[in-house]
A.B. asks: 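Encoded as structure tokens, here's the structure I'll be asking about.
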Amino acid sequence: MNKFSATADRTAQLCAICIGAIFLFSGVAYLCLGHWTVTHKDFWRIYAVCLDHTWLESMLLKHNGHSLFFPSLIWLADLRFFHGNQQLLFYVGLTLLFIATGLLLVPVWRDQTIELTGKVISTLVVIVGTFWMGRAAITASGGYNCTASLLMAGAEVSFICLPSMGTYSARFWAATLAVIAGGFVASFSFGAGLATWPTLLLLAWCLRLPWRTYGLIIVAGVTAAVIFILLPPRESTVVGLRTLGLSISGITTDVSYLCRLLSAPIFYAASHWRAGPSSTGMIESSFFALAFGMVGLVVAMVEIVYAMIRRDLSRSSLGLIGIALVIFNLIVIGLIVVGRAEHIRALPFELGAPRYFFHSTLFWTGTLLVALQRAESTRWARWLVCLVAFAASIVAFPSHYNGGLKCRRARHLAEAGATSLVNGVRDDQQIGILAPAGGKHWVYSVAEQLRQRRLDMFAEGLQDWIGLTESSIARDRYKREGLKGRCRVAALVRCDNGSPAARLTGEVWKSRRPVPETLVIVDPMGVICGIAQSSTIYSDNRFLNRVLYLSKVTRTGFVGYIRDYDPQLQYAVRSADHGTLSEETIPVQSPATELATP
């Protein structure tokens, strides 16, 4: 029997290591290949403030009710010293994500009350919960990831250091400083970080800490709340928030929203096991989503009450971090419901919005960690929780792959939208993926400031090529590259000054060479009248395309624009990487039928 148990333990450990490695490496690869490489969404509004205000003003202003004091230091430094490089911002956010993940794993491996199998399974749970691509709405964005991961890292530091506040040694004040500092970093990285303080109070009770610890936490929490309230908002009104009102129907509705938000990531993952599109839009009407969320909420409340009655969290660091994740993320989801109930009522599909998966996924991660700690003393219960962890990982994988594929396609569309801005073209269809909820006018107004300061997509200066002759940028450097491909006029649009322009789409490749990233469109006189760009990450790597995307990603596509388009002229495309033009050209095919001018 002991031999069988040892074999089962080793098998479970090996399976957990393999599945964890697959999620970790594929998740990091999907993020690196599919992250946002240009300014996007809310950052058009944020950059509008950063470009027109001082550093201090930009850091102190609240955006849509959220204080972004600490993460704003990162993108302000990026704008000032690195030309708004979104690639750099992404890797900073990815580093913070790794730090937050590592902080979760520290209590797991320090715990002396669980065996090696429990620690390995716990590590699998943390990795899957962190690098699952269902959370890519946040983790694939450098700016959003900096905000969310900095929030979690600050909160986790507070949770980990809190037990040391129970001693009267010199470590007490060092731990107090770490707890308060982590709470302030979380609170002023995103509005949801204020949930750190009530979480710390509940954990302090469960840890049987002395009363002076409660006093210090309350004073620090109230101070953070007062400062948060006094910080000036960027906008005069906060969109989507409501005033509190108590009624039976309102409470029932809020609980329903809470349950559906909690179950949304599980519903989303399970929906990818059936044919057809994802059914996240059905979360607001699905009984199963409500029932599963209700079960999760009841289990979480039972665990919290049990921990408050027993007050024995100090004996298990795994149980501490697990219950901390449950409490913290439950409060965060509750704040989302309280603050955005009116918005959700008007737009019910928001209950399945992937941006909320960042916290709801961590709620389930904490629930599984608590279950693993509780079941450690009972062998059959431990194996049951292990099977649940394995089953959850397997269920999540199709949505994990689909999320990576969506990110890769979204990156291609975003870069195409950035190409339209570089060419000074107003292509609302391509810009849609970049625009924030406030409208496309944010993109055009802020892009003009980025152009003037040569930031982000304008940093390379490709826009300066337009209007020059091809010989002036090549400096007589033409190279035979075996350039082949095809392209055509896909749509007629307008330039910023109102003159006609055309959008080109096509494919391009070289003989035994990487696909060119930058191309120029020239007229019959050799004048550059537009820029085209292909996908910029490993577009020629067939192995990665086959392994990660099952060969579903087009490797050779590009999008470009012709300014002052004249359908009577014959245009041609040359590759222009590193300022070297190809001798070969690709003719631009005129549209077979007349395109409607917008």
Side-chain angles (χ1 to χ4, degrees), residues 34-48 51 64 84 86 137 140-141 143-144 235 239 347 349-350 353-355 406-452 455-458 462-463 466 487-506 519 521 529-536 554 557-567 571 588-598:
H35 64 272
W36 294 88
T37 57
V38 293
T39 303
H40 54 279
K41 302 301 181 183
D42 291 337
F43 285 91
W44 293 104
R45 290 196 293 257
I46 292 173
Y47 282 4
L51 295 173
N64 198 26
Q86 297 298 307
S141 163
Y144 288 149
E235 56 280 289
V239 180
L347 302 171
F349 60 85
E350 279 285 293
R355 64 179 177 275
K406 282 184 178 179
C407 282
R408 193 67 184 87
R409 290 171 175 167
R411 171 171 176 165
H412 175 72
L413 293 174
E415 290 177 346
T419 301
S420 73
L421 297 176
V422 169
N423 283 277
V425 171
R426 298 211 168 196
D427 189 347
D428 290 346
Q429 181 179 345
Q430 295 294 111
I431 286 299
I433 192 171
L434 297 177
K440 299 182 178 67
H441 66 279
W442 285 102
V443 177
Y444 295 122
S445 61
V446 178
E448 185 57 34
Q449 297 185 64
L450 297 180
R451 180 190 297 272
Q452 293 173 3
L455 300 174
D456 198 3
M457 68 281 292
F458 303 103
L462 297 179
Q463 66 276 4
I466 300 175
C487 66
R488 65 182 183 87
V489 175
L492 298 181
V493 290
R494 292 287 182 185
C495 298
D496 289 336
N497 58 13
S499 60
R503 186 204 311 150
L504 305 183
T505 59
L519 305 104
I521 300 104
C529 51
I531 304 295
Q533 290 185 297
S534 63
S535 189
T536 57
T554 301
F558 72 89
V559 175
Y561 291 86
I562 301 175
R563 290 181 59 88
D564 302 316
Y565 175 65
D566 184 350
Y571 297 92
V588 177
Q589 299 176 6
S590 299
T593 58
E594 184 177 357
L595 296 172
T597 303

A.B. asks: Does any N or O in the side chain of Asp456 come within less than 3.5 Å of the main-chain N or O of Thr39, such that one atom is a donor and the other an acceptor?
C.D. replies: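 Yes, the answer is positive, given that a donor and an acceptor are paired below the 3.5 Å cut-off.
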
A.B. asks: Output the distance between atom CG (Leu434) and atom CH2 (Trp44), rounded to the nearest 0.5 Å.
C.D. replies: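 Taking CG in Leu434 and CH2 in Trp44, the distance rounds to 6.0 Å.
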
A.B. asks: Applying side chain to side chain contact (heavy atoms under 4.5 Å, CB included) to Leu421 and Val38, what does each step give before you reach the verdict?
C.D. replies: CA-CA 11 Å; Leu421 297 176; Val38 293; over 6 Å; no

A.B. asks: Between Tyr571 and Asp566, is any pair of side-chain heavy atoms under 4.5 Å apart?
C.D. replies: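 Side chain of Tyr571 against side chain of Asp566, heavy atoms only: contact under 4.5 Å found.
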
A.B. asks: Give me the atom names and distance for the closest heavy-atom approach of Thr419 to Ala532.
C.D. replies: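 Looks like CG2-CA, 4.4 Å.
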
A.B. asks: Check the pair Leu455, Tyr47 against side chain to side chain contact (heavy atoms under 4.5 Å, CB included), reporting the backbone distance first and the verdict last.
C.D. replies: CA-CA 11 Å; Leu455 300 174; Tyr47 282 4; over 6 Å; no

A.B. asks: Atom CD in Gln86, atom CE in Met457: separation rounded to 0.5 Å?
C.D. replies: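 Gln86 atom CD to Met457 atom CE measures 8.0 Å (nearest 0.5 Å).
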
A.B. asks: What distance do Ile431 atom CD1 and Lys440 atom NZ have between them, rounded to the nearest 0.5 Å?
C.D. replies: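 Separation between the atoms: 9.0 Å.
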
A.B. asks: What are the two closest heavy atoms between Ser534 and Leu519, and how far apart are they?
C.D. replies: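 Here Ser534 and Leu519 meet closest at N-CD1, 4.4 Å.
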
A.B. asks: Heavy atoms only: give me the nearest Ser420-Gly417 pair and the separation to one decimal.
C.D. replies: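 Nearest pair, atom of Ser420 first, then Gly417: OG-O, 2.5 Å.
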
A.B. asks: For the backbone of Thr37 and the side chain of Arg411, can you confirm whether one donor and one acceptor N or O come within less than 3.5 Å of each other?
C.D. replies: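 Answer holds: no.
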
A.B. asks: In the structure I gave you, are the side-chain heavy atoms of Val559 and Leu413 within less than 4.5 Å of one another anywhere?
C.D. replies: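 No; the side chains remain at least 4.5 Å from each other.
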
A.B. asks: Indicate the atoms forming the closest heavy-atom contact of Val425 with Ala501, along with that distance.
C.D. replies: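 Taking every non-hydrogen atom into account, CG2-CB, 4.1 Å.
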
A.B. asks: In the structure I gave you, are the side-chain heavy atoms of Asp496 and Arg426 within less than 4.5 Å of one another anywhere?
C.D. replies: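 Heavy-atom side-chain distance check passes, below 4.5 Å.
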
A.B. asks: For the pair Cys495 and Tyr561, evaluate side chain to side chain contact (heavy atoms under 4.5 Å, CB included) and give the outcome as yes or no after the intermediate values.
C.D. replies: CA-CA 10 Å; Cys495 298; Tyr561 291 86; over 6 Å; no

A.B. asks: If you look at every heavy atom in Val489 and Ala502, which pair is closest and at what distance?
C.D. replies: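 So the two residues come closest at CG1-CB, 3.9 Å.
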
A.B. asks: Are any side-chain N or O atoms of Gln463 and backbone N or O atoms of Phe458, one a donor and one an acceptor, separated by less than 3.5 Å?
C.D. replies: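 Looks like yes, one N/O pair under 3.5 Å.
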
A.B. asks: What is the distance from atom CG of Asp427 to atom CZ of Arg503, rounded to the nearest 0.5 Å?
C.D. replies: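 Between Asp427 CG and Arg503 CZ, I get 4.0 Å after rounding to 0.5 Å.
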
A.B. asks: Looking at OG of Ser445 and CG of Leu450, how far apart are the two atoms once the value is rounded to the nearest 0.5 Å?
C.D. replies: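 Atom-to-atom, Ser445:OG and Leu450:CG are 9.5 Å apart.
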
A.B. asks: Is the backbone N or O of Ala48 less than 3.5 Å from a side-chain atom of Trp442, with the two atoms forming a donor-acceptor pair by type?
C.D. replies: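 Checking the backbone N and O of Ala48 against the side chain of Trp442, no donor-acceptor pair under 3.5 Å is found.
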
A.B. asks: Rounded to the nearest 0.5 Å, how far does OG of Ser141 lie from CZ of Arg355?
C.D. replies: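 Atom-to-atom, Arg355:CZ and Ser141:OG are 13.0 Å apart.
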
A.B. asks: Decide yes or no on side chain to side chain contact (heavy atoms under 4.5 Å, CB included) for Arg409 and Ile433, but give the supporting numbers first.
C.D. replies: CA-CA 11 Å; Arg409 290 171 175 167; Ile433 192 171; over 6 Å; no

A.B. asks: Mind listing the closest non-hydrogen atom pair of Ala490 and Thr505 along with its distance?
C.D. replies: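 Heavy atoms only, the tightest pair is CB-OG1, 3.7 Å.
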
A.B. asks: Would a 4.5 Å heavy-atom cut-off, applied to side chains only, mark Gln533 and Leu462 as touching?
C.D. replies: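 Counting from C-beta outward, Gln533 and Leu462 do come under 4.5 Å.
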
A.B. asks: Cut-off 3.5 Å, side chains only: do Asp42 and Tyr144 have a donor facing an acceptor?
C.D. replies: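 Note: Asp42 and Tyr144 side chains meet the donor-acceptor criterion.
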
